[in-house]
Number of protein chains: 2
Amino acid sequence: MSVAVVGAFAVLGEPSRLRILDHLRGAECSVGELVDRLGMSQPAVSKHLRVLRDAGFVSSRVAAQQRIYRIEPEPFAELEHWLAQYRRLWDRHLDALERHLDDQE
Amino acid sequence: MSVAVVGAFAVLGEPSRLRILDHLRGAECSVGELVDRLGMSQPAVSKHLRVLRDAGFVSSRVAAQQRIYRIEPEPFAELEHWLAQYRRLWDRHLDALERHLDDQE
DNA sequence: CAGGCATATAACCGGGAAGGCATGTTGTGA
DNA sequence: TCACAACATGCCTTCCCGGTTATATGCCTG
């Protein structure tokens, strides 16, 4: 499972890409809108969108001459699932601490 | 907030580093043990551990000649918090779908 | 069908990061 | 104090990745 998650993290480990997602979180966006808001060249934005789409984070739809991009939630769910492994670790730690404090009383 | 999270993602977007965390999730480990299990040179492992520690994912403790590394849960909590933003989006989507289905009946 | 948008792709360049080797540092035991 | 063991660090090379410029593709309008 980690095998897939590594790629997802690599995709998110890029400031421009995370900014794109943050914008898309508010509403769907055309490429041009993203170019304006990010102050980046259009090819750069298109490349990042390609990476994000290959990783499943976004999907695109055609509207006349423009492509509208939208967030796709599944990869985020996978990440949350992966993180849960470590959350359990954290929970166990708290439980142990709690039991320890109970014993103290 | 995203500013900090990007760095965390960049750190996790590295197969060797994720493998190290997976090993540390089971139990604390010395550098030598990690070297054996990962089949990587010792300097490479040490460097990755440095990156992980700078990012707060692990901490180290001295035991005789060796340093024992352990997972530190806080950064994972931050990631979960960041992901929650997108989970809300997902939940809203489900809610809308549910309302829509209710209306259909 | 010609011309102009909106976007994708190609070719290229520069910086940065991961890995290996050699070496420095610190603690330990005789 | 000497030698060794466990790590850390510096240096070097290689490779990948993000950005820009230039060009191709596809779709609307006149």
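Labels below follow one simple rule: chain letters A, B, ... track the order of the sequence lines, proteins then strands, and each chain is numbered from 1. Excluded from the calculations below are hydrogen atoms, water molecules and symmetry mates; all remaining heavy atoms, backbone and side chain alike, are included.
- Nucleic acid contact for Gln42(A): base, since at least one base atom lies under 4.0 Å from a heavy atom of the residue.
- Between the CG atom of Leu49(B) and the P atom of dA6(D) there is a distance of 16 Å, rounded to whole Å.
- Candidate nucleotides dC28(D), dT7(C), dT9(C) were compared by shortest atom distance to the side chain of Gln66(A), and dT7(C) ranks first.
- Here the shortest heavy-atom pairing between Arg17(B) and Val11(B) reads NE-O, 2.9 Å.
- Side-chain atoms of His23(A) and Leu38(A), non-hydrogen and from C-beta on, do get closer than 4.5 Å to each other.
- Glu80(B) is linked by a salt bridge (charged side-chain N to carboxylate O under 4.0 Å, His left out) to Arg87(A), counting only residues two or more places apart in sequence or in another chain.
- Heavy-atom distances to DNA chain D give each of Ala64(A) and Met40(A) a nearest nucleotide, and the one nearer the 5′ end belongs to Met40(A).
- Side-chain proximity of Pro43(A) to the nucleotides dG19(D), dA22(D), dT9(D) is greatest for dA22(D).
- Contact of the Ile71(A) side chain with the Arg25(A) side chain is registered, since non-hydrogen atoms from C-beta on lie closer than 4.5 Å.
- For the pair Leu79(B)/Leu12(B), a side-chain contact is recorded, criterion being any heavy-atom separation below 4.5 Å from C-beta on.
- In this structure, the nucleotide among dG19(D), dA8(C), dC7(D) sitting nearest to the side chain of Ser46(B) is dC7(D).
- The phosphate of dA6(D) (OP1 or OP2) has no side-chain N or O of Tyr69(B) nearer than 4.0 angstrom.
- For the pair Gln65(B) CD and dA8(D) P, the interatomic distance rounds to 13 Å; values are reported in whole Å.
- In this structure, Trp82(B) and Phe9(B) have perpendicular ring planes: the angle between them is above 60°, well past the 30° mark.
- Each of Arg67(A) and Arg53(B) was matched to the nucleotide of DNA chain D holding its nearest heavy atom; the match closer to the 5' end belongs to Arg53(B).
- When the P atom of dA6(D) is taken as reference, atom CZ of Arg61(B) falls 17 Å away, rounded to whole Å.
- Taken residue by residue, residues 9-36 of chain A places heavy atoms nearer than 4.0 Å to DNA chain C at Ser30(A), Val31(A), Gly32(A).
- Take Gln65(B) and apply the side-chain contact (heavy atoms from CB on, under 4.5 Å) test, not counting sequence neighbours, and it matches no residue.
- Phosphate contact (OP1/OP2 of dT9(D), side-chain N/O of Arg50(B), threshold under 4.0 Å): present.
- Look at CD1 on Ile68(B): it is 18 Å from P on dA5(D), rounded to the nearest Å.
- In this model, the phosphate group of dG19(D) is approached by a side-chain N or O of His48(A) to a distance below 4.0 Å at OP1 or OP2.
- One cannot find a donor-acceptor pair under 3.5 Å joining the base of dG18(D) and the side-chain atoms of Lys47(A).
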